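First comes the structure, then the notes that go with it.
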Protein chains: 2
Amino acid sequence: MEIPDIVVGRLPIYLRALSHLESIGQTVTSSHEMGNALGISSAQIRKDLSHFGEFGKQGTGYQVKYLVDQLRRILKVGADWDIAIVGAGDLGRALANYNGFADRGFRIRAIFDSDPRRIGQTHGGHVVQDARDIGRVLPELGIRLAMVAVPAAAAQLVADHLVAAGVQGILNYAPINILVPEGVQVQYIDPVVHLQRMTFYLEAPTPNPVTG
Amino acid sequence: MEIPDIVVGRLPIYLRALSHLESIGQTVTSSHEMGNALGISSAQIRKDLSHFGEFGKQGTGYQVKYLVDQLRRILKVGADWDIAIVGAGDLGRALANYNGFADRGFRIRAIFDSDPRRIGQTHGGHVVQDARDIGRVLPELGIRLAMVAVPAAAAQLVADHLVAAGVQGILNYAPINILVPEGVQVQYIDPVVHLQRMTFYLEAPTPNPVTG
DNA sequence: TAGATTGTTAATCGATTAACAATC
DNA sequence: TAGATTGTTAATCGATTAACAATC
């Protein structure tokens, strides 16, 4: 691999921090300032960016807007990506209603569920469609990314259908590992995993003798 | 640091996979089987586990139930942790209604919001409380973990209040980095970061000349 | 100029992997 | 026993950091 995955993984964090600086009107920053804000060494930020070119000026630092544009280009979020959501439960609906996708390169275009009671409902301006239509609708709309918010037991089957429909990237909220063909990207979001990564470092809770 | 963070980060993944095996009735597994399911080398799994003891048998592998118990102990999720949710918007409500916490070591105990229209509503059996009461309620209940599901602009202030109330771990859903005192754990969940980690590897979308 | 900061090199540090003796 | 798999060692591989010339 040309660029290490671990470097790619940090770029969205840099982009988010820089977009924030931009939004508060700051026009210039430095690797030191970014590092302080993110808890990362300035050397690492400079090294990471150096994989892609030279974006700063000695003595000055980085133009925020310019670096934002460059990172958007590198991450391919210059033009919007269309996304499908599978699962119209609480989480799927929250994602459908979330306003934070639009200005960061993504646009919800469809939402699916297999439960007849949910099909036809509207969330975030999108009518819930029958999950059986994934194979037809996604190619029609040219959708290549999906977020999976279904029960763990259904996630692998849903992923199979998505891949068959041409999806190239899956953000899986179901708390289970899924298997996909080579070349299909998968990322996971599982709050419990993150919580357990914190509790490791804390003192174990003392069970309360009253409430259990 | 004794145990590398990166090893700790994998343990919840191992635990999740093992719990899954347990749920489908499998009693024994091996580092090879786990590695295949997770896309991790068997050597890495054995090495990771070796930081904490010897849990397997040569020729046989690992007893699923025993290893689950051991990982629960190591991650300190043997007894339940109480959690507070801050933010009763779509995401906070989805978290409050999520049933996946209870059997993995966590229990929602309180939900807060600052919007008077949301205070008093009930979600997942919890009445939304005034965020101004965080400093009183959390110590009363002995809550040491919180999930933050508020707008980015409010996240730092909320984190400050949580830390002042004794919170030792924050799972931040707001798309912004927060600063906390040393010793306070922070984890981040931002779907856009994960989506951008995937789009890097894909071919950029061609803007549709009709729909934009 | 003097001060600041980049991009890059080389050294250090740490993580992963291959291999295998031990042993079930 | 024969086959399988662990736990561990040592080697390899890769990532991070310190340092600094270049230069704004």
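Being a predicted model, the structure only gives us computed values, none of them experimental. So you know, we letter chains A, B, ... as the sequences are listed, proteins then strands, and number each from 1.
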Could you give the OH-to-P distance, from B:Tyr66 to C:dC24, as a whole number of Å?
15 Å
Is there a side-chain contact between B:Gln185 and A:Phe200 (heavy atoms, below 4.5 Å)?
no
What nucleotide, of C:dT6, C:dA19, C:dT17, holds the atom closest to the side chain of B:Arg46?
C:dA19
For A:Ser31, which contact category applies under a 4.0 Å heavy-atom criterion: base, sugar-phosphate, or nothing?
sugar-phosphate
For B:Glu33 and B:Gln26, does a side-chain donor sit closer than 3.5 Å to a side-chain acceptor?
yes
With the side chain defined as heavy atoms from C-beta on, B:Glu54 is closest, among D:dG7, C:dA15, D:dC24, to D:dG7
Which residue lies more 5' along DNA chain D, comparing A:Thr60 with A:Asp48 via nearest heavy atoms
A:Asp48
Pick the closest DNA chain C nucleotide for A:Ser30 and for B:Ser41 by heavy atoms, then say which residue is nearer the 5' end.
A:Ser30
Please state how far atom CD in B:Gln58 lies from atom C1' in C:dA22, giving the value in whole angstrom units.
6 Å
Whole angstrom value for the distance that separates C1' of D:dA15 from CD1 of A:Ile45:
15 Å
Among D:dT9, D:dT17, C:dG7, which is the nearest nucleotide to the side chain of B:Lys47?
D:dT9
Euclidean distance, atom CG of residue B:Asp5 to atom P of C:dA15 [Å, nearest integer]
9 Å
Sort out for me which residue in B:Leu179, B:Ile170, B:Ile178, B:Val158 forms a side-chain contact (heavy atoms from CB on, under 4.5 Å) with B:Val163.
B:Ile170
Between CD of B:Gln44 and C1' of D:dT5 the distance, given in whole Å, is 18 Å
Is there a side-chain polar atom (N or O) of B:Tyr62 under 4.0 Å from OP1 or OP2 of D:dG7?
yes
Below 4.0 Å: OP1/OP2 of D:dA15 and any side-chain N or O of A:Arg10:
no
Please report the distance, rounded to the nearest Å, between CE in A:Met34 and P in C:dT6.
10 Å
Which word best sums up how the rings of B:Tyr66 and B:Phe55 line up, parallel for under 30°, tilted for 30 to 60°, or perpendicular for over 60°?
tilted
